[in-house]
A.B. asks: 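Questions regarding the structure given below will be posed in turn.
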Amino acid sequence: MKYAMRTHRPPLTAECRAYGKGKLKLTTTSSNTMGKKYFFAVDLGATSGRTIIGGLNDGKIELEELTRFDNNLIEVNGHFYWDIYALYFEIIKGLKAAKKQNIDITSIGIDTWGVDFVCVAEDGSVSQPIAYRDPHTFDAMDDYLENVISKEKVYDVTGIQFMNFNSIFQLYAMKRAGNSALKNAQKILFIPDALSYMLTGNMVCEYTIASTAQLLDPRTKQLDPRLLASLGLTQSKFGRMVNPGDLVGTLTDAVQKETGLGAIPVVAVAGHDTGSAVAAVPAKDENFAYLSSGTWSLMGIETKDAIINKVSYERNFTNEGGIEGTTRFLKNICGMWLYERCRKEWTDAPKSHPELIAEAMKQPAFQSIINPDDAMFANPSSMVEAIQSYCQQTGQHVPQGYAETCRCIFDSLALRYRQVFSYLTEMASFPINVLHIIGGGSLNNDLNQFTSNSLGVEVLAGPQEGTALGNIMVQAKAAGEVKDLWDMRRVIANSLELKRFTPTDKEQWDAAYLKFLDIVNRKG
């Protein structure tokens, strides 16, 4: 890769160890850095977070990781919470680290996972957010859809796939339980907006993160008043709606004093991390699909308008907000979750990913196939046993050992990708000529090749650091360094060496796909 990242700690996964040594020189005392712009990105996931500096240099972008930290769930009195104050503290630490290196920060942007939110009281205090993993929503979705507004009407308004932890059902569960934080909320802020508020004192509602709530109408690009009313809420309970690239505010006097920095602007980026990642897809034109590949896989297309119809409803596709008014039409797929869970159980498998996968590639292809999105793989006590049980129930060879099971997972993921890709080609208003794979999974060359073979299209792998790149490039756009989404993508493409995979073994994969469909239908 031409772009580089220096890490101060080992990355969380082996796939992330592909970083080269940092090229970005972040000392503003040198004359050759004068006039360059550096952007501070906060990238928060549901298990960890980091702060990153990105700089533009000669039409290319370079990255450096400043800090990495855990994001822990806290269980108190039967509920699970995120520690918003710990996350804020880590952002402050990152800003101090930038100050220590004399980095002249142009702006700050924050992206996080979706759906979760805080309640802000009249005195400005911020509640600890209940986490989407909390069991209080387990029956909330069914209760709401049965007794408040029907499933069909909710989808017709929002075009969002149904998951019990979507914000609409979290709010309903809190209202149903008489939650005091919600009762006394002056404002409700999604996680990136809450952290921006803690830095600036300004309350906003960023479009892409709001779109994950299942409360937003993608046609009007506003929170729907009917859905809000069903929860006893109004638009006034949320911050002013902003789009990626809009100014949130500048660091408060207190933050400036604590960090030693000046009145640095905080810019709304694509606050939903997948929105930032898709913004970083180095596509040449609109005729592409993307696969954000990691623990979970998200496959979709970028469209000008939402796709909301009977077919998208039945297939449970979602319409989430993108930058510059685009829509991310996509579907969630169980990704490397299967492999990661199995790997924890394999006591005899090689510790090295390449060695383990090399053994898997020696096994016969397609002797065991599963549907990765079958409910039995959601969170079993033993993933290995769940896979064996699925194969036994469908009259197949039951995989034995880590190598056969790993091969089963990779074959099956590629075939499931083909099924979802076929749905996309049916519903897209344009031909899809290439699949861009981004995220940590883009480094898995074997699965990338399988995916190309299965789909029958060219696959381009990279960038691995899509979320951080998208975050930083939106800030660069706000600073006038790039003019639009396609200019952003040109800079990213110019900074990368993409790996290219072309399809082979068509007849073999076509036959395997028919077998996959038969097994899925047989299982029901």
Side-chain angles (χ1 to χ4, degrees), residues 7-12 26 38-54 64-76 79-103 105 107-114 116-121 123-133 181 187-204 206 209 239 248-269 271 273 276 467-468 471-472 475:
T7 56
H8 293 175
R9 301 185 200 175
L12 295 180
L26 297 174
Y38 299 114
F39 305 96
F40 183 94
V42 180
D43 179 23
L44 299 178
T47 57
S48 66
R50 61 225 176 109
T51 61
I52 297 165
I53 285 290
E64 178 183 355
E65 185 176 287
L66 291 174
T67 62
R68 182 182 286 271
F69 47 89
D70 292 333
N71 182 18
N72 297 306
L73 281 176
I74 302 168
E75 184 178 5
V76 181
H79 285 292
F80 291 88
Y81 299 88
W82 301 112
D83 191 341
I84 195 74
Y85 292 99
L87 296 176
Y88 171 75
F89 176 71
E90 293 292 351
I91 294 173
I92 296 297
K93 282 176 63 177
L95 291 170
K96 287 180 177 179
K99 173 63 177 178
K100 188 174 181 180
Q101 292 191 37
N102 295 318
I103 302 169
I105 300 172
S107 64
I108 299 164
I110 303 171
D111 68 75
T112 77
W113 69 98
D116 288 342
F117 53 85
V118 306
C119 296
V120 182
D123 64 0
S125 59
V126 176
S127 70
Q128 291 285 34
I130 298 178
Y132 69 87
R133 295 181 186 272
K187 294 288 185 185
I188 297 167
L189 302 178
F190 298 103
I191 300 298
D193 302 331
L195 292 165
S196 293
Y197 162 65
M198 296 168 79
L199 291 174
T200 68
N202 294 337
M203 300 186 194
V204 301
E206 190 275 319
I209 198 75
V248 176
T250 58
L251 296 181
T252 64
D253 291 342
V255 174
Q256 292 180 48
K257 183 177 180 181
E258 186 173 5
T259 60
L261 299 170
I264 297 172
V266 175
V267 171
V269 295
D273 50 13
S276 281
T467 303
N471 180 323
I472 287 163
Q475 294 185 62

A.B. asks: Quick check: closest heavy atoms across G45 and N71, and the distance to 0.1 Å?
C.D. replies: O-ND2, 3.0 Å
A.B. asks: Give me the atom names and distance for the closest heavy-atom approach of G109 to V269.
C.D. replies: CA-CG1, 3.9 Å
A.B. asks: Taking atom CZ as the centre, does F89 end up with more than 12 heavy-atom neighbours from other residues, nucleotides or ligands that are less than 6.0 angstrom away?
C.D. replies: no
A.B. asks: Closest approach of S48 and R68, non-hydrogen atoms and distance?
C.D. replies: OG-NH1, 4.2 Å
A.B. asks: Side-chain contact test, heavy atoms from C-beta onward, threshold under 4.5 Å: evaluate it for Y88 versus L199 and give yes or no.
C.D. replies: yes
A.B. asks: Do the non-hydrogen side-chain atoms of I105 and Y38 ever get within less than 4.5 Å of each other?
C.D. replies: no
A.B. asks: Can you name the side chain to side chain donor-acceptor pair (under 3.5 Å) partners of D111, sequence neighbours left out?
C.D. replies: N471
A.B. asks: Determine the minimum heavy-atom distance between I91 and F40, stating which atoms define it.
C.D. replies: O-CZ, 4.1 Å
A.B. asks: Residues in side chain to side chain donor-acceptor pair (under 3.5 Å) with N72, at least two apart?
C.D. replies: none
A.B. asks: Which atom pair, heavy atoms only, marks the closest approach of I84 to Q128?
C.D. replies: N-OE1, 2.8 Å
A.B. asks: Are the side chains of V248 and Y197 in touch, meaning some heavy atoms are under 4.5 Å apart?
C.D. replies: no
A.B. asks: Could you list the residues that satisfy side-chain contact (heavy atoms from CB on, under 4.5 Å) with A263, not counting sequence neighbours?
C.D. replies: T250, Q256
A.B. asks: Could you label the plane-to-plane angle of the W113 and W82 rings as parallel, tilted or perpendicular, counting under 30° as parallel and over 60° as perpendicular?
C.D. replies: tilted
A.B. asks: Partners of T51 by side chain to side chain donor-acceptor pair (under 3.5 Å), sequence neighbours excluded?
C.D. replies: T67
A.B. asks: Which residues pass the side chain to side chain donor-acceptor pair (under 3.5 Å) test with D123, not counting sequence neighbours?
C.D. replies: S125
A.B. asks: Which residues pass the salt bridge (Lys or Arg N to Asp or Glu O under 4.0 Å) test with D43, sequence neighbours left out?
C.D. replies: R50
A.B. asks: So, for M198 and V126, which heavy atoms are closest and what is the spacing to 0.1 Å?
C.D. replies: CG-CG2, 4.4 Å
